[in-house]
2 protein chains.
Amino acid sequence: MNKYEMIAQDLEKMIMDGVYQEDELLPSENELVTRYKVSRSTVRQALKTLEENGWIQRKHGLGSIVIARDRLNFPITGLTSYKELQHYLGFDSLTEVVTFEKRIVDSSLAELTHFPQGVPVLHILRRRKIDGEFIVLDRDYLLYAYAEGLSKSQAADSIYDYLENERHLEIAYAQKEITIDFINEHDRQWLELATGDRHIVSVKSHVFLSDNTLFQYTESRHQVDKFSFTELARRQKR
Amino acid sequence: MNKYEMIAQDLEKMIMDGVYQEDELLPSENELVTRYKVSRSTVRQALKTLEENGWIQRKHGLGSIVIARDRLNFPITGLTSYKELQHYLGFDSLTEVVTFEKRIVDSSLAELTHFPQGVPVLHILRRRKIDGEFIVLDRDYLLYAYAEGLSKSQAADSIYDYLENERHLEIAYAQKEITIDFINEHDRQWLELATGDRHIVSVKSHVFLSDNTLFQYTESRHQVDKFSFTELARRQKR
DNA sequence: GAGTGGTCTAGACCACTGT
DNA sequence: CAGTGGTCTAGACCACTCG
(Lines give C-alpha, C1' and ligand atoms only; values in the text may rest on other atoms or scores of the structure.)
Protein backbone atom coordinates (compact mmCIF):
# COMPACT_ATOMS: atom_id res chain seq x y z
CA MET A 1 0.00 0.00 0.00
CA ASN A 2 1.13 3.53 -0.80
CA LYS A 3 2.08 6.10 1.79
CA TYR A 4 -0.79 8.44 0.98
CA GLU A 5 -3.32 5.60 1.14
CA MET A 6 -1.95 4.58 4.52
CA ILE A 7 -2.28 8.12 5.82
CA ALA A 8 -5.77 8.52 4.36
CA GLN A 9 -6.89 5.26 5.94
CA ASP A 10 -5.36 6.21 9.26
CA LEU A 11 -7.12 9.59 9.33
CA GLU A 12 -10.37 8.01 8.15
CA LYS A 13 -10.24 5.55 11.02
CA MET A 14 -9.59 8.33 13.51
CA ILE A 15 -12.60 10.24 12.22
CA MET A 16 -14.77 7.13 12.55
CA ASP A 17 -13.43 6.56 16.06
CA GLY A 18 -14.32 10.12 17.01
CA VAL A 19 -10.75 11.32 17.53
CA TYR A 20 -11.67 14.14 15.15
CA GLN A 21 -15.32 15.04 15.38
CA GLU A 22 -17.81 16.71 13.09
CA ASP A 23 -17.03 20.37 12.33
CA GLU A 24 -13.62 20.05 13.95
CA LEU A 25 -10.33 20.67 12.15
CA LEU A 26 -7.84 17.96 11.25
CA PRO A 27 -4.19 18.70 12.08
CA SER A 28 -2.59 21.11 9.59
CA GLU A 29 -0.67 19.82 6.59
CA ASN A 30 2.67 20.79 8.16
CA GLU A 31 1.72 19.03 11.37
CA LEU A 32 0.88 15.88 9.39
CA VAL A 33 4.20 16.18 7.50
CA THR A 34 6.17 15.96 10.73
CA ARG A 35 3.81 13.40 12.26
CA TYR A 36 4.01 10.93 9.34
CA LYS A 37 7.53 11.94 8.20
CA VAL A 38 6.54 12.39 4.55
CA SER A 39 6.57 15.26 2.08
CA ARG A 40 3.78 17.78 1.94
CA SER A 41 2.60 16.53 -1.47
CA THR A 42 2.01 13.11 0.01
CA VAL A 43 -0.01 14.55 2.87
CA ARG A 44 -1.99 16.64 0.39
CA GLN A 45 -2.77 13.60 -1.73
CA ALA A 46 -4.07 11.81 1.36
CA LEU A 47 -6.28 14.79 2.23
CA LYS A 48 -7.50 15.01 -1.35
CA THR A 49 -8.60 11.38 -1.09
CA LEU A 50 -10.50 12.07 2.13
CA GLU A 51 -12.18 15.06 0.47
CA GLU A 52 -13.24 13.01 -2.57
CA ASN A 53 -14.70 10.34 -0.32
CA GLY A 54 -16.74 12.91 1.56
CA TRP A 55 -14.92 12.84 4.89
CA ILE A 56 -13.60 16.39 4.97
CA GLN A 57 -14.07 19.80 3.41
CA ARG A 58 -10.84 21.72 2.88
CA LYS A 59 -10.82 25.49 3.13
CA HIS A 60 -8.00 27.81 2.14
CA GLY A 61 -6.44 29.59 5.08
CA LEU A 62 -8.45 27.60 7.59
CA GLY A 63 -7.88 23.86 7.39
CA SER A 64 -9.60 20.55 6.83
CA ILE A 65 -13.06 20.41 8.40
CA VAL A 66 -14.66 17.07 9.24
CA ILE A 67 -18.00 16.66 7.45
CA ALA A 68 -21.08 15.39 9.27
CA ARG A 69 -21.73 12.00 7.72
CA ASP A 70 -25.22 10.72 8.13
CA ARG A 71 -24.77 7.06 8.93
CA LEU A 72 -28.14 6.21 7.45
CA ASN A 73 -27.57 8.14 4.25
CA PHE A 74 -24.98 5.84 2.70
CA PRO A 75 -24.11 6.91 -0.81
CA ILE A 76 -25.17 4.62 -3.63
CA THR A 77 -23.01 6.68 -5.90
CA GLY A 78 -19.53 5.51 -6.82
CA LEU A 79 -20.67 2.26 -8.35
CA THR A 80 -21.23 0.50 -5.08
CA SER A 81 -22.53 -2.96 -5.87
CA TYR A 82 -25.63 -4.63 -4.50
CA LYS A 83 -23.70 -6.89 -2.13
CA GLU A 84 -21.72 -4.02 -0.68
CA LEU A 85 -24.99 -2.18 -0.12
CA GLN A 86 -26.46 -5.12 1.75
CA HIS A 87 -23.37 -5.20 3.88
CA TYR A 88 -23.82 -1.54 4.80
CA LEU A 89 -27.50 -1.96 5.47
CA GLY A 90 -27.19 -5.18 7.40
CA PHE A 91 -30.49 -6.40 6.05
CA ASP A 92 -31.35 -9.99 5.45
CA SER A 93 -31.19 -10.46 1.74
CA LEU A 94 -31.28 -13.16 -0.88
CA THR A 95 -30.61 -13.25 -4.59
CA GLU A 96 -32.29 -15.61 -7.03
CA VAL A 97 -30.79 -16.09 -10.47
CA VAL A 98 -33.69 -16.35 -12.90
CA THR A 99 -31.83 -16.35 -16.21
CA PHE A 100 -28.20 -17.16 -16.95
CA GLU A 101 -27.39 -17.55 -20.65
CA LYS A 102 -25.03 -16.70 -23.45
CA ARG A 103 -26.52 -14.50 -26.16
CA ILE A 104 -25.40 -12.81 -29.35
CA VAL A 105 -26.16 -9.09 -29.60
CA ASP A 106 -28.79 -8.46 -32.26
CA SER A 107 -29.88 -5.09 -33.59
CA SER A 108 -32.42 -4.29 -30.90
CA LEU A 109 -30.08 -5.35 -28.09
CA ALA A 110 -27.31 -3.30 -29.70
CA GLU A 111 -29.49 -0.22 -29.52
CA LEU A 112 -30.28 -0.80 -25.86
CA THR A 113 -26.84 -1.78 -24.61
CA HIS A 114 -24.59 0.04 -27.11
CA PHE A 115 -22.63 -3.19 -27.56
CA PRO A 116 -21.72 -3.78 -31.20
CA GLN A 117 -24.00 -6.15 -33.06
CA GLY A 118 -22.76 -9.76 -33.26
CA VAL A 119 -20.63 -9.90 -30.10
CA PRO A 120 -21.44 -12.56 -27.47
CA VAL A 121 -22.69 -11.40 -24.07
CA LEU A 122 -23.67 -13.07 -20.83
CA HIS A 123 -27.30 -12.32 -20.01
CA ILE A 124 -28.25 -12.53 -16.33
CA LEU A 125 -31.62 -11.80 -14.76
CA ARG A 126 -31.78 -11.75 -10.97
CA ARG A 127 -34.36 -10.82 -8.40
CA ARG A 128 -33.48 -9.65 -4.95
CA LYS A 129 -35.32 -10.31 -1.74
CA ILE A 130 -34.80 -7.86 1.10
CA ASP A 131 -36.48 -8.48 4.43
CA GLY A 132 -38.77 -11.12 2.95
CA GLU A 133 -39.96 -9.28 -0.16
CA PHE A 134 -38.80 -9.40 -3.77
CA ILE A 135 -38.13 -5.74 -4.37
CA VAL A 136 -35.44 -5.41 -7.04
CA LEU A 137 -35.13 -6.90 -10.52
CA ASP A 138 -31.67 -6.73 -12.11
CA ARG A 139 -30.92 -7.43 -15.76
CA ASP A 140 -27.25 -7.56 -16.78
CA TYR A 141 -25.48 -7.91 -20.11
CA LEU A 142 -21.74 -8.57 -19.73
CA LEU A 143 -19.15 -8.82 -22.48
CA TYR A 144 -18.68 -12.60 -22.74
CA ALA A 145 -14.92 -12.34 -23.31
CA TYR A 146 -14.55 -11.00 -19.76
CA ALA A 147 -17.45 -12.70 -17.97
CA GLU A 148 -16.69 -16.17 -19.32
CA GLY A 149 -15.90 -18.39 -16.37
CA LEU A 150 -18.45 -16.74 -14.12
CA SER A 151 -20.69 -19.38 -12.59
CA LYS A 152 -24.36 -19.18 -11.79
CA SER A 153 -23.69 -19.43 -8.07
CA GLN A 154 -21.15 -16.62 -8.23
CA ALA A 155 -23.78 -14.53 -9.98
CA ALA A 156 -26.02 -15.02 -6.97
CA ASP A 157 -23.18 -13.84 -4.79
CA SER A 158 -21.38 -10.88 -6.32
CA ILE A 159 -20.39 -10.47 -9.95
CA TYR A 160 -17.90 -7.77 -9.06
CA ASP A 161 -16.05 -10.01 -6.62
CA TYR A 162 -15.31 -12.36 -9.49
CA LEU A 163 -14.49 -9.66 -12.02
CA GLU A 164 -12.19 -7.64 -9.78
CA ASN A 165 -10.58 -10.27 -7.59
CA GLU A 166 -10.36 -13.24 -9.95
CA ARG A 167 -10.20 -11.64 -13.39
CA HIS A 168 -8.47 -8.48 -12.14
CA LEU A 169 -10.59 -6.21 -14.27
CA GLU A 170 -10.32 -2.52 -13.48
CA ILE A 171 -13.82 -1.11 -13.38
CA ALA A 172 -13.41 2.62 -13.87
CA TYR A 173 -16.71 4.44 -14.24
CA ALA A 174 -20.37 4.13 -15.16
CA GLN A 175 -22.86 6.38 -16.87
CA LYS A 176 -26.07 6.03 -14.86
CA GLU A 177 -29.60 7.20 -15.52
CA ILE A 178 -32.56 7.12 -13.16
CA THR A 179 -36.08 7.36 -14.59
CA ILE A 180 -39.59 6.37 -13.57
CA ASP A 181 -41.06 3.84 -16.01
CA PHE A 182 -44.36 2.03 -16.31
CA ILE A 183 -44.55 -1.42 -14.77
CA ASN A 184 -44.23 -4.18 -17.40
CA GLU A 185 -45.04 -7.89 -17.53
CA HIS A 186 -41.57 -8.94 -16.34
CA ASP A 187 -41.89 -6.77 -13.26
CA ARG A 188 -45.24 -8.36 -12.48
CA GLN A 189 -43.87 -11.83 -13.06
CA TRP A 190 -40.84 -11.59 -10.80
CA LEU A 191 -41.57 -8.90 -8.22
CA GLU A 192 -44.15 -8.64 -5.48
CA LEU A 193 -45.63 -5.27 -6.32
CA ALA A 194 -47.94 -3.09 -4.29
CA THR A 195 -51.37 -3.10 -5.89
CA GLY A 196 -52.38 0.13 -7.56
CA ASP A 197 -48.85 1.19 -8.53
CA ARG A 198 -48.34 2.01 -12.19
CA HIS A 199 -44.71 2.98 -11.93
CA ILE A 200 -41.34 1.50 -11.12
CA VAL A 201 -37.91 3.11 -10.69
CA SER A 202 -35.43 2.17 -13.40
CA VAL A 203 -31.68 2.65 -12.96
CA LYS A 204 -29.81 2.02 -16.21
CA SER A 205 -26.00 1.88 -16.25
CA HIS A 206 -23.30 1.60 -18.86
CA VAL A 207 -20.16 0.38 -17.11
CA PHE A 208 -16.66 0.98 -18.51
CA LEU A 209 -13.22 -0.48 -17.75
CA SER A 210 -10.15 1.67 -17.21
CA ASP A 211 -9.10 1.18 -20.82
CA ASN A 212 -12.45 2.70 -21.77
CA THR A 213 -14.10 -0.45 -23.12
CA LEU A 214 -17.82 -0.75 -22.46
CA PHE A 215 -18.25 -4.10 -20.77
CA GLN A 216 -21.55 -4.09 -18.92
CA TYR A 217 -25.06 -2.79 -19.38
CA THR A 218 -27.39 -3.09 -16.40
CA GLU A 219 -30.95 -2.18 -15.70
CA SER A 220 -32.10 -2.30 -12.11
CA ARG A 221 -35.83 -1.97 -11.42
CA HIS A 222 -36.96 -1.00 -7.94
CA GLN A 223 -40.36 -0.88 -6.32
CA VAL A 224 -41.14 2.84 -5.95
CA ASP A 225 -41.80 2.96 -2.21
CA LYS A 226 -38.61 1.06 -1.40
CA PHE A 227 -36.32 3.18 -3.53
CA SER A 228 -33.88 5.77 -2.23
CA PHE A 229 -30.82 7.25 -3.88
CA THR A 230 -28.45 9.49 -1.97
CA GLU A 231 -25.25 11.17 -2.98
CA LEU A 232 -22.80 13.82 -1.93
CA ALA A 233 -22.52 16.20 -4.88
CA ARG A 234 -19.70 18.69 -5.10
CA ARG A 235 -20.12 22.04 -6.78
CA GLN A 236 -18.38 22.19 -10.14
CA LYS A 237 -16.13 25.15 -10.83
CA ARG A 238 -16.79 27.28 -13.92
CA MET B 1 -6.54 32.12 -13.88
CA ASN B 2 -4.09 29.42 -12.86
CA LYS B 3 -1.81 27.58 -15.24
CA TYR B 4 -3.46 24.20 -14.70
CA GLU B 5 -6.92 25.67 -15.24
CA MET B 6 -5.75 27.26 -18.47
CA ILE B 7 -4.34 23.97 -19.70
CA ALA B 8 -7.44 22.04 -18.66
CA GLN B 9 -9.68 24.53 -20.44
CA ASP B 10 -7.49 24.44 -23.53
CA LEU B 11 -7.58 20.63 -23.72
CA GLU B 12 -11.32 20.61 -22.97
CA LYS B 13 -11.92 22.96 -25.89
CA MET B 14 -9.83 20.80 -28.21
CA ILE B 15 -11.85 17.73 -27.22
CA MET B 16 -15.09 19.60 -27.90
CA ASP B 17 -13.71 20.80 -31.23
CA GLY B 18 -12.83 17.24 -32.20
CA VAL B 19 -9.06 17.73 -32.24
CA TYR B 20 -8.95 14.73 -29.93
CA GLN B 21 -11.79 12.32 -30.56
CA GLU B 22 -13.55 9.66 -28.53
CA ASP B 23 -11.34 6.72 -27.56
CA GLU B 24 -8.24 8.52 -28.78
CA LEU B 25 -5.26 9.35 -26.57
CA LEU B 26 -4.34 12.85 -25.48
CA PRO B 27 -0.65 13.79 -25.83
CA SER B 28 1.52 12.25 -23.10
CA GLU B 29 2.32 14.17 -19.93
CA ASN B 30 5.89 14.79 -21.05
CA GLU B 31 4.67 16.06 -24.41
CA LEU B 32 2.31 18.47 -22.62
CA VAL B 33 5.17 19.58 -20.34
CA THR B 34 7.23 20.75 -23.32
CA ARG B 35 4.18 22.07 -25.18
CA TYR B 36 2.93 24.29 -22.34
CA LYS B 37 6.38 24.89 -20.77
CA VAL B 38 5.25 23.94 -17.25
CA SER B 39 6.25 21.31 -14.71
CA ARG B 40 4.83 17.82 -14.84
CA SER B 41 2.82 18.33 -11.64
CA THR B 42 0.98 21.20 -13.27
CA VAL B 43 0.15 19.09 -16.31
CA ARG B 44 -1.00 16.29 -14.03
CA GLN B 45 -3.28 18.63 -12.10
CA ALA B 46 -4.86 19.76 -15.38
CA LEU B 47 -5.41 16.14 -16.43
CA LYS B 48 -6.84 15.33 -13.00
CA THR B 49 -9.38 18.12 -13.50
CA LEU B 50 -10.38 16.73 -16.89
CA GLU B 51 -10.78 13.28 -15.37
CA GLU B 52 -12.97 14.59 -12.54
CA ASN B 53 -15.18 16.40 -15.02
CA GLY B 54 -15.67 13.25 -17.06
CA TRP B 55 -13.66 14.20 -20.15
CA ILE B 56 -10.93 11.58 -19.99
CA GLN B 57 -10.03 8.27 -18.38
CA ARG B 58 -6.37 7.94 -17.44
CA LYS B 59 -4.68 4.57 -17.57
CA HIS B 60 -1.28 3.67 -16.16
CA GLY B 61 1.25 2.83 -18.88
CA LEU B 62 -1.10 3.84 -21.65
CA GLY B 63 -2.25 7.44 -21.48
CA SER B 64 -5.31 9.64 -21.22
CA ILE B 65 -8.26 8.29 -23.20
CA VAL B 66 -11.05 10.63 -24.33
CA ILE B 67 -14.42 9.47 -22.96
CA ALA B 68 -17.50 9.33 -25.16
CA ARG B 69 -19.76 12.03 -23.80
CA ASP B 70 -23.36 11.57 -24.65
CA ARG B 71 -24.48 15.06 -25.58
CA LEU B 72 -28.02 14.25 -24.52
CA ASN B 73 -27.05 12.82 -21.16
CA PHE B 74 -25.93 16.00 -19.46
CA PRO B 75 -25.07 15.33 -15.83
CA ILE B 76 -27.44 16.76 -13.25
CA THR B 77 -24.90 15.83 -10.65
CA GLY B 78 -22.46 18.38 -9.29
CA LEU B 79 -25.07 20.77 -7.96
CA THR B 80 -26.02 22.24 -11.32
CA SER B 81 -28.79 24.76 -10.74
CA TYR B 82 -32.14 24.95 -12.49
CA LYS B 83 -31.16 27.91 -14.68
CA GLU B 84 -27.96 26.27 -15.83
CA LEU B 85 -29.96 23.17 -16.72
CA GLN B 86 -32.38 25.18 -18.81
CA HIS B 87 -29.45 26.70 -20.60
CA TYR B 88 -28.13 23.26 -21.50
CA LEU B 89 -31.49 21.97 -22.57
CA GLY B 90 -32.45 25.03 -24.54
CA PHE B 91 -36.08 24.63 -23.57
CA ASP B 92 -38.49 27.47 -23.17
CA SER B 93 -38.99 27.86 -19.48
CA LEU B 94 -40.54 30.16 -16.93
CA THR B 95 -40.38 30.42 -13.17
CA GLU B 96 -43.19 31.72 -11.00
CA VAL B 97 -42.43 32.72 -7.41
CA VAL B 98 -45.42 31.60 -5.35
CA THR B 99 -44.12 32.33 -1.85
CA PHE B 100 -41.32 34.63 -0.72
CA GLU B 101 -41.18 35.26 3.03
CA LYS B 102 -39.02 35.48 6.11
CA ARG B 103 -39.67 32.75 8.67
CA ILE B 104 -38.32 31.63 12.01
CA VAL B 105 -37.35 27.97 12.26
CA ASP B 106 -39.73 26.16 14.62
CA SER B 107 -39.36 22.62 15.91
CA SER B 108 -40.95 20.84 12.95
CA LEU B 109 -39.03 22.91 10.40
CA ALA B 110 -35.85 22.25 12.38
CA GLU B 111 -36.40 18.53 12.02
CA LEU B 112 -36.94 18.80 8.28
CA THR B 113 -34.16 21.24 7.40
CA HIS B 114 -31.65 20.54 10.20
CA PHE B 115 -31.40 24.29 10.78
CA PRO B 116 -31.25 25.12 14.49
CA GLN B 117 -34.53 26.19 16.01
CA GLY B 118 -35.05 29.95 16.25
CA VAL B 119 -32.86 31.12 13.37
CA PRO B 120 -34.46 33.21 10.60
CA VAL B 121 -34.66 31.74 7.10
CA LEU B 122 -35.92 32.88 3.73
CA HIS B 123 -38.72 30.63 2.53
CA ILE B 124 -39.24 30.48 -1.23
CA LEU B 125 -41.75 28.39 -3.15
CA ARG B 126 -41.44 28.38 -6.93
CA ARG B 127 -43.07 26.48 -9.74
CA ARG B 128 -41.38 25.93 -13.06
CA LYS B 129 -42.98 25.80 -16.46
CA ILE B 130 -41.13 23.91 -19.17
CA ASP B 131 -42.52 23.82 -22.69
CA GLY B 132 -45.88 25.14 -21.51
CA GLU B 133 -46.47 22.87 -18.52
CA PHE B 134 -45.87 23.37 -14.81
CA ILE B 135 -43.73 20.36 -14.04
CA VAL B 136 -41.47 21.19 -11.10
CA LEU B 137 -42.24 22.57 -7.64
CA ASP B 138 -39.27 23.89 -5.65
CA ARG B 139 -39.30 24.76 -1.98
CA ASP B 140 -36.21 26.48 -0.55
CA TYR B 141 -35.16 27.49 2.94
CA LEU B 142 -32.08 29.72 2.97
CA LEU B 143 -30.20 31.01 6.00
CA TYR B 144 -31.49 34.59 6.22
CA ALA B 145 -28.09 36.00 7.22
CA TYR B 146 -26.77 35.08 3.78
CA ALA B 147 -29.88 35.38 1.62
CA GLU B 148 -30.90 38.78 2.99
CA GLY B 149 -30.85 41.21 0.06
CA LEU B 150 -32.14 38.66 -2.41
CA SER B 151 -35.13 40.10 -4.25
CA LYS B 152 -38.23 38.30 -5.44
CA SER B 153 -37.32 38.94 -9.08
CA GLN B 154 -33.83 37.53 -8.55
CA ALA B 155 -35.44 34.43 -7.06
CA ALA B 156 -37.31 33.98 -10.33
CA ASP B 157 -34.00 34.26 -12.14
CA SER B 158 -31.28 32.35 -10.34
CA ILE B 159 -30.61 32.31 -6.63
CA TYR B 160 -27.09 31.02 -7.15
CA ASP B 161 -26.14 33.93 -9.41
CA TYR B 162 -26.87 36.28 -6.53
CA LEU B 163 -25.23 34.13 -3.87
CA GLU B 164 -22.03 33.41 -5.76
CA ASN B 165 -21.51 36.56 -7.82
CA GLU B 166 -22.91 39.24 -5.52
CA ARG B 167 -22.45 37.77 -2.06
CA HIS B 168 -19.36 35.74 -3.01
CA LEU B 169 -20.47 32.71 -1.08
CA GLU B 170 -18.53 29.53 -1.75
CA ILE B 171 -21.00 26.73 -2.24
CA ALA B 172 -19.04 23.54 -1.61
CA TYR B 173 -21.24 20.45 -1.57
CA ALA B 174 -24.73 19.07 -1.09
CA GLN B 175 -26.16 15.91 0.39
CA LYS B 176 -28.93 14.88 -1.99
CA GLU B 177 -31.62 12.25 -1.70
CA ILE B 178 -34.02 11.06 -4.38
CA THR B 179 -37.20 9.26 -3.36
CA ILE B 180 -40.65 8.62 -4.79
CA ASP B 181 -43.36 10.16 -2.61
CA PHE B 182 -47.13 10.31 -2.70
CA ILE B 183 -48.64 13.36 -4.36
CA ASN B 184 -49.89 15.88 -1.77
CA GLU B 185 -52.26 18.85 -1.83
CA HIS B 186 -49.51 21.37 -2.62
CA ASP B 187 -48.49 19.37 -5.68
CA ARG B 188 -52.09 19.33 -6.87
CA GLN B 189 -52.48 23.04 -6.22
CA TRP B 190 -49.42 24.22 -8.11
CA LEU B 191 -48.59 21.57 -10.70
CA GLU B 192 -50.48 20.28 -13.69
CA LEU B 193 -50.39 16.56 -12.96
CA ALA B 194 -51.25 13.64 -15.18
CA THR B 195 -54.47 12.09 -13.96
CA GLY B 196 -54.13 8.70 -12.33
CA ASP B 197 -50.62 9.27 -10.95
CA ARG B 198 -50.23 8.66 -7.25
CA HIS B 199 -46.53 9.42 -7.06
CA ILE B 200 -44.09 12.26 -7.54
CA VAL B 201 -40.28 12.36 -7.55
CA SER B 202 -38.80 14.22 -4.61
CA VAL B 203 -35.20 15.48 -4.61
CA LYS B 204 -34.19 16.79 -1.20
CA SER B 205 -30.86 18.59 -0.71
CA HIS B 206 -28.89 19.96 2.19
CA VAL B 207 -26.41 22.48 0.78
CA PHE B 208 -23.20 23.46 2.59
CA LEU B 209 -20.69 26.29 2.19
CA SER B 210 -16.95 25.72 2.07
CA ASP B 211 -16.65 26.54 5.77
CA ASN B 212 -19.07 23.66 6.34
CA THR B 213 -22.08 25.73 7.43
CA LEU B 214 -25.45 24.37 6.34
CA PHE B 215 -27.11 27.24 4.53
CA GLN B 216 -29.84 25.82 2.32
CA TYR B 217 -32.45 23.10 2.39
CA THR B 218 -34.33 22.42 -0.83
CA GLU B 219 -37.01 20.03 -1.91
CA SER B 220 -37.68 19.75 -5.61
CA ARG B 221 -40.77 17.82 -6.70
CA HIS B 222 -40.94 16.52 -10.28
CA GLN B 223 -43.74 14.96 -12.26
CA VAL B 224 -42.73 11.29 -12.63
CA ASP B 225 -42.83 11.00 -16.41
CA LYS B 226 -40.76 14.15 -16.90
CA PHE B 227 -38.01 13.18 -14.49
CA SER B 228 -34.54 11.99 -15.43
CA PHE B 229 -31.36 11.97 -13.39
CA THR B 230 -28.04 11.08 -14.97
CA GLU B 231 -24.56 10.96 -13.55
CA LEU B 232 -21.09 9.69 -14.25
CA ALA B 233 -20.13 7.59 -11.23
CA ARG B 234 -16.52 6.59 -10.64
CA ARG B 235 -15.63 3.36 -8.91
CA GLN B 236 -14.41 3.92 -5.38
CA LYS B 237 -11.21 2.18 -4.34
CA ARG B 238 -11.31 -0.05 -1.26
C1' DG C 1 1.30 38.94 11.56
C1' DA C 2 1.38 34.03 12.12
C1' DG C 3 -0.49 30.07 10.30
C1' DT C 4 -3.20 27.88 6.91
C1' DG C 5 -3.98 25.68 2.37
C1' DG C 6 -3.23 26.50 -3.07
C1' DT C 7 -0.01 26.61 -6.89
C1' DC C 8 4.24 25.48 -9.05
C1' DT C 9 9.02 23.78 -9.88
C1' DA C 10 12.78 20.15 -10.95
C1' DG C 11 14.00 16.22 -10.03
C1' DA C 12 13.87 10.90 -8.88
C1' DC C 13 12.31 6.15 -8.95
C1' DC C 14 8.77 2.82 -9.72
C1' DA C 15 4.78 0.09 -12.03
C1' DC C 16 2.40 -0.69 -15.91
C1' DT C 17 1.21 -0.98 -21.11
C1' DG C 18 2.43 -1.87 -25.73
C1' DT C 19 5.29 -4.42 -29.41
C1' DC D 1 12.40 -2.71 -24.61
C1' DA D 2 11.06 2.35 -24.74
C1' DG D 3 7.37 5.07 -23.26
C1' DT D 4 3.59 5.82 -20.33
C1' DG D 5 1.41 7.38 -15.97
C1' DG D 6 1.77 6.84 -10.48
C1' DT D 7 4.25 8.02 -6.33
C1' DC D 8 7.30 10.81 -3.70
C1' DT D 9 10.71 14.39 -2.34
C1' DA D 10 12.34 19.25 -0.89
C1' DG D 11 11.84 23.28 -1.81
C1' DA D 12 9.53 28.14 -3.11
C1' DC D 13 6.05 31.73 -3.33
C1' DC D 14 1.37 33.14 -3.04
C1' DA D 15 -3.64 33.84 -1.26
C1' DC D 16 -6.54 33.32 2.34
C1' DT D 17 -8.38 33.38 7.45
C1' DC D 18 -8.21 34.75 11.94
C1' DG D 19 -7.14 37.20 16.10
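Excluded from the calculations below are hydrogen atoms, water molecules and symmetry mates; all remaining heavy atoms, backbone and side chain alike, are included. Sequence lines set the chain letters: A, B, ... in the order given, protein chains first and strands last, and positions in each chain run from 1. Computed from a predicted structure; not experimentally measured.
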Looking at A:Lys59, does any N or O in its side chain come under 4.0 Å of the phosphate oxygens OP1/OP2 on D:dT17?
-> yes

Identify the residue among A:Thr99, A:Ile159, A:Thr218 that makes a side-chain contact (heavy atoms from CB on, under 4.5 Å) with A:Ile124.
-> A:Ile159

Start with the C-alpha gap between B:Glu29 and B:Arg40, add the side-chain angles, then the distance that decides, and say whether salt bridge (Lys or Arg N to Asp or Glu O under 4.0 Å) holds.
-> CA-CA 7 Å; B:Glu29 294 182 354; B:Arg40 194 170 151 225; 2.8 Å; yes

Assign each of B:Pro27 and B:Glu170 to its nearest nucleotide of DNA chain D by heavy atoms, then name whichever residue's nucleotide is nearer the 5' end.
-> B:Pro27

Parallel, tilted or perpendicular: which fits the ring planes of B:Phe215 and B:Tyr146, with parallel below 30° and perpendicular above 60°?
-> perpendicular

Taking the six-membered ring of A:Tyr144 (Phe, Tyr or Trp), confirm whether the NZ or CZ of A:Lys102 is under 6.0 Å from its centre and within 45° of its axis.
-> yes

At under 4.0 Å between heavy atoms, what does A:Ser28 touch on the DNA or RNA strands: base, sugar-phosphate, or nothing?
-> sugar-phosphate

Taking CD1 from A:Ile65 and P from D:dC16, how many angstroms apart are they, rounded to a whole number?
-> 17 Å

Nucleotide nearest B:Ser64 when distance is taken to its side chain, options D:dG5, D:dT7, C:dT4 | D:dG5

Go through the steps to decide whether A:Arg235 and B:Glu164 satisfy the test salt bridge (Lys or Arg N to Asp or Glu O under 4.0 Å), and finish with yes or no.
-> CA-CA 12 Å; A:Arg235 177 81 170 152; B:Glu164 291 193 315; 2.9 Å; yes

Could you state the CG-C1' distance from A:Asn212 to D:dG5, rounded to the nearest angstrom?
-> 16 Å

Rounded to whole angstroms, how far apart are NE2 on A:His168 and P on C:dC16?
-> 12 Å

Please give, in whole Å, the distance from C:dG3 C1' to A:Leu25 CG?
-> 12 Å

Which whole-number value in Å describes the distance from A:Glu29 CD to D:dT9 C1'?
-> 15 Å

Between B:Ser39 and C:dG11, is there a side-chain N or O to OP1/OP2 distance below 4.0 Å?
-> no

Stems formed with participation of DNA chain C [Watson-Crick or G-U wobble, under 3.5 Å, three or more pairs] | C:1-16 with D:3-18

Please report the C-alpha distance between A:Glu219 and A:Arg126 in whole Å, then the side-chain angles of each, then the deciding distance to 0.1 Å, and finally whether the salt bridge (Lys or Arg N to Asp or Glu O under 4.0 Å) criterion is met.
-> CA-CA 11 Å; A:Glu219 183 180 4; A:Arg126 295 174 292 182; over 6 Å; no

Is the distance from OP1 or OP2 of C:dG11 to the nearest side-chain N or O of B:Arg40 less than 4.0 Å?
-> no

N or O in side chain of A:Tyr4 less than 4.0 angstrom from D:dT7 OP1/OP2 | yes

Quick one: B:Arg44 CZ to D:dT7 P, roughly how many Å, whole number?
-> 7 Å

Between A:Gln45 and B:Glu31, who's closer to the 5' end of DNA chain D by nearest nucleotide?
-> B:Glu31

Check: A:Phe229 ring centroid to B:Phe229 ring centroid under 6.0 Å | yes

A:Ser41 or A:Leu47: which one's nearest nucleotide on DNA chain C is closer to the 5' end?
-> A:Leu47

Is A:His60 stacked on the base of C:dG6 when the test is centres under 5.5 angstrom and planes under 30 degrees?
-> no

dist A:Arg167:CZ -> A:Asp161:CG (nearest 0.5 Å) comes out at 15.0 Å

May I ask you to evaluate whether A:Arg58 reaches the phosphate of C:dG6, defined as a side-chain N or O under 4.0 Å from OP1 or OP2?
-> yes

Let me know the distance between CD of A:Glu51 and P of C:dG5, rounded to the nearest Å.
-> 12 Å

Using whole Å, report how far CE of B:Met1 lies from C1' of C:dT7.
-> 14 Å

Are OP1 or OP2 of D:dG5 and a side-chain N or O of B:Lys48 less than 4.0 angstrom apart?
-> no

